[in-house]
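Computed from heavy atoms alone, side chains included, the values below leave out hydrogens, waters and symmetry copies. We name chains A, B, ... by the order of the sequence lines, and we start the count at 1 in each one.
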2 protein chains.
Amino acid sequence: MKNVEIRVQDLVDKLRIKDYRITPQRLAILKTLASTRAHPSVEQIFDKVKVDFPTTSIATVYKTVSLLKDMGELIEFSFGEGSNHYDGRSAVPHPHFICTSCRKIEDIDVPDLEMITEKLAEKENYQITAFQLNFYGKCPDCNR
Amino acid sequence: MKNVEIRVQDLVDKLRIKDYRITPQRLAILKTLASTRAHPSVEQIFDKVKVDFPTTSIATVYKTVSLLKDMGELIEFSFGEGSNHYDGRSAVPHPHFICTSCRKIEDIDVPDLEMITEKLAEKENYQITAFQLNFYGKCPDCNR
DNA sequence: GTACTTGCAAACTTTTTGCAAGAAC
DNA sequence: GTTCTTGCAAAAAGTTTGCAAGTAC
C-alpha cells in the first residue's frame, strides 16, 4: 500500500473513531491533503476537490480542514500575506523553505532542531508543544 | 540618548531620505513601535496612538505599518489566528516563544541559528534572506 | 430513523483602497 | 503652492456561522 493511501486510511480511521462521518467530499479532501507536498491553501484544496465534486462548497473545505486541525492531524502555516496553508501529510511540525520569488514551499531538514528545542525548554522552563521554522529567500531556480 | 529615541530618530531619518513626511500620527506610530517588546498588532498600535491622537484612523496605522514593512524596517508575524503582529524595535529577524495560554510573545536566544542557516543555504543552494522561528507552548507562569 | 454533514447565504474579521479635505514641506 | 497624508467609508479578501435540505450510518 502506498504512503498516500496509508495516510488517507489513517485519517478515515481517526474520523470514524470520533464518530465523524466519511462523506465523499471529506474523502476527496483527505486524498488531496495526503497526496500533495505543495502545502495548499483552502482555496487550492477546494479547486482540486471541485474537479470530482463540482457542487462542493468552500465552506465544507473550511469545516473539514478545521476539524482535522482541531484533531491535530494537520499543520497550519501563515505566511505574511493571503490565506493559510496546510500540510496534511504528517502531523509533525517540520521546517520549510519558502521561495519569495516563485512562492514554492519545500520541506527541509535541520538536523539539530530537536536538541535545540530541548535545550531551550530546559533553560527557560518552557513546555514546548510545537514550532514553526521557515526560511525565506530564493530557490536555486529563481536565483539566476 | 536612549535606545528607543535612537530607533525613532533612525526611522524618522530613513523616512525623510525617501521624501516621506513626518506627521504627528506617523511619529506616534514610530514611538509606539520602537518602545514596546510586546509585538503588537495594528489594532494594538492603533489603541496606543489614539490616546494622544483620538482622531487617528486605523487606515493610517495600516498605511504607515505597510510603508515601514516595505522599507524593511519591521518584522511581520502571522500566528495562525487573527491579525498580524509587528516588531519595529529592530529589523533583524529573531526567534520567539509564544505562550498558547496567555498569548505572550517573548524574544528568545538560539545560539546556533546563524550557522544552521549558512549550512542550509550552502547545502541546498538557497539564497536565504530571512527566517521565522517560533516555538509554541506554555510559559513558566501558565505551566502550573 | 437519527444525527451529522452539506451548501448556500449572510455575517464577521482583517486589510486595502478611492477620494476629498487637510497638512508638511 | 505643490505634493503627500489623513480620515472616512466602501470594498476586498479570508474565514466562520446559522439553518434547511440531504446523506451516512
Peer 1: Apply the side-chain hydrogen bond (donor to acceptor under 3.5 Å, both in side chains) test between A:His96 and each candidate in A:Glu106, A:Gln132, A:His39, A:His85; give the one that qualifies.
Peer 2: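 Going through the options one by one, the only one that passes is A:His39.
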
Peer 1: Phosphate oxygens OP1/OP2 of D:dG7: is one of them under 4.0 Å from a side-chain N or O of B:Gln25?
Peer 2: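 Checking B:Gln25 against D:dG7: at least one side-chain N or O falls below 4.0 Å of OP1 or OP2.
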
Peer 1: Strictly below 4.0 Å, heavy-atom distances to any atom of DNA chain D: list the hits from residues 29-67 of chain A, or just say none.
Peer 2: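 DNA chain D contact set from residues 29-67 of chain A: A:Ala59, A:Tyr62, A:Lys63.
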
Peer 1: Between B:Arg7 (side chain only) and B:Gly88 (backbone N and O only), is there a donor and an acceptor less than 3.5 Å apart?
Peer 2: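 Confirmed, B:Arg7 side chain pairs with B:Gly88 backbone.
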
Peer 1: Evaluate the salt bridge (charged side-chain N to carboxylate O under 4.0 Å, His left out) criterion for residues A:Lys50 and A:Asp47: first the C-alpha distance (whole Å), next the side-chain angles of each, then the deciding distance (0.1 Å), finally the verdict.
Peer 2: CA-CA 5 Å; A:Lys50 255 195 311 197; A:Asp47 286 343; 3.7 Å; yes

Peer 1: Between B:Leu33 and B:Glu73, is any pair of side-chain heavy atoms under 4.5 Å apart?
Peer 2: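 In short, these two side chains do not touch, never coming nearer than 4.5 Å.
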
Peer 1: Expressed as a whole number of angstroms, how long is the span from A:Ile17:CD1 to C:dC4:P?
Peer 2: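 In whole Å, C:dC4 P and A:Ile17 CD1 are 17 Å from each other.
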
Peer 1: Heavy-atom distance under 4.5 Å between the side chains of B:Asp141 and B:Cys102, does that happen here?
Peer 2: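 When only atoms from C-beta onward are counted, B:Cys102 and B:Asp141 do not touch, as no gap falls below 4.5 Å.
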
Peer 1: With axes from five pairs an end, tell me the bend angle of the helix from C:dG1-D:dC25 to C:dC25-D:dG1, nearest 10°.
Peer 2: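 Answer for the end axes of this duplex: 40°.
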
Peer 1: Quick check on D:dC4: is either OP1 or OP2 less than 4.0 Å from any side-chain nitrogen or oxygen of B:Arg26?
Peer 2: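 No, B:Arg26 has no side-chain N/O under 4.0 Å of OP1/OP2 on D:dC4.
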
Peer 1: Expressed as a whole number of angstroms, how long is the span from A:Ile22:CD1 to C:dT6:C1'?
Peer 2: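 Value for this atom pair: 15 Å.
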
Peer 1: More 5' along DNA chain C: A:Asp19 or B:Pro24, using each one's nearest nucleotide?
Peer 2: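 Nearest nucleotide further toward 5': that of A:Asp19.
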
Peer 1: When you check the phosphate oxygens OP1 and OP2 of C:dT15, does a side-chain N or O of B:Asn84 lie under 4.0 Å from one of them?
Peer 2: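 Checking C:dT15 against B:Asn84, a side-chain N or O does come within under 4.0 Å of OP1 or OP2.
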
Peer 1: Do any N or O atoms from the side chain of A:Thr36 and from the backbone of A:Thr32 form a donor-acceptor pair under 3.5 angstrom?
Peer 2: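 No, because the side chain of A:Thr36 does not come within donor-acceptor range (under 3.5 Å) of the backbone of A:Thr32.
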
Peer 1: Ignoring backbone atoms, establish whether A:Arg21 has a side-chain N or O less than 4.0 Å from OP1 or OP2 of C:dA3.
Peer 2: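 The answer is no; no side-chain N or O of A:Arg21 sits under 4.0 Å from OP1 or OP2.
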
Peer 1: Is there side-chain contact between B:Val42 and B:Tyr86, with at least one heavy-atom pair below 4.5 Å?
Peer 2: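 Yes. Closest side-chain heavy atoms under 4.5 Å.
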
Peer 1: Would you check if the side chain of A:Gln44 reaches a backbone N or O of A:Ser41 as a donor-acceptor pair within less than 3.5 Å?
Peer 2: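 Such a contact is found between A:Gln44 side chain and A:Ser41 backbone.
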
Peer 1: Take atom NZ in B:Lys138; do more than 12 heavy atoms of anything else shown fall under 6.0 Å from it?
Peer 2: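 Atom NZ in B:Lys138 is not crowded, with 12 or fewer foreign heavy atoms closer than 6.0 Å.
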
Peer 1: Do the side-chain N or O atoms of A:Arg16 get closer than 4.0 angstrom to the phosphate oxygens (OP1, OP2) of D:dC25?
Peer 2: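 The answer is yes; a side-chain N or O of A:Arg16 sits under 4.0 Å from OP1 or OP2.
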
Peer 1: I want to confirm an ordering. Mapping A:Tyr86 and A:Tyr20 to their closest nucleotides on DNA chain D, which one lands closer to the 5' end?
Peer 2: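 Looking at the nearest nucleotide for each, A:Tyr86 comes out on the 5' side.
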
Peer 1: Starting at CG of B:Leu15 and ending at P of D:dT6, how long is that distance when rounded to a whole Å?
Peer 2: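 The answer, rounded to whole Å, is 10 Å.
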
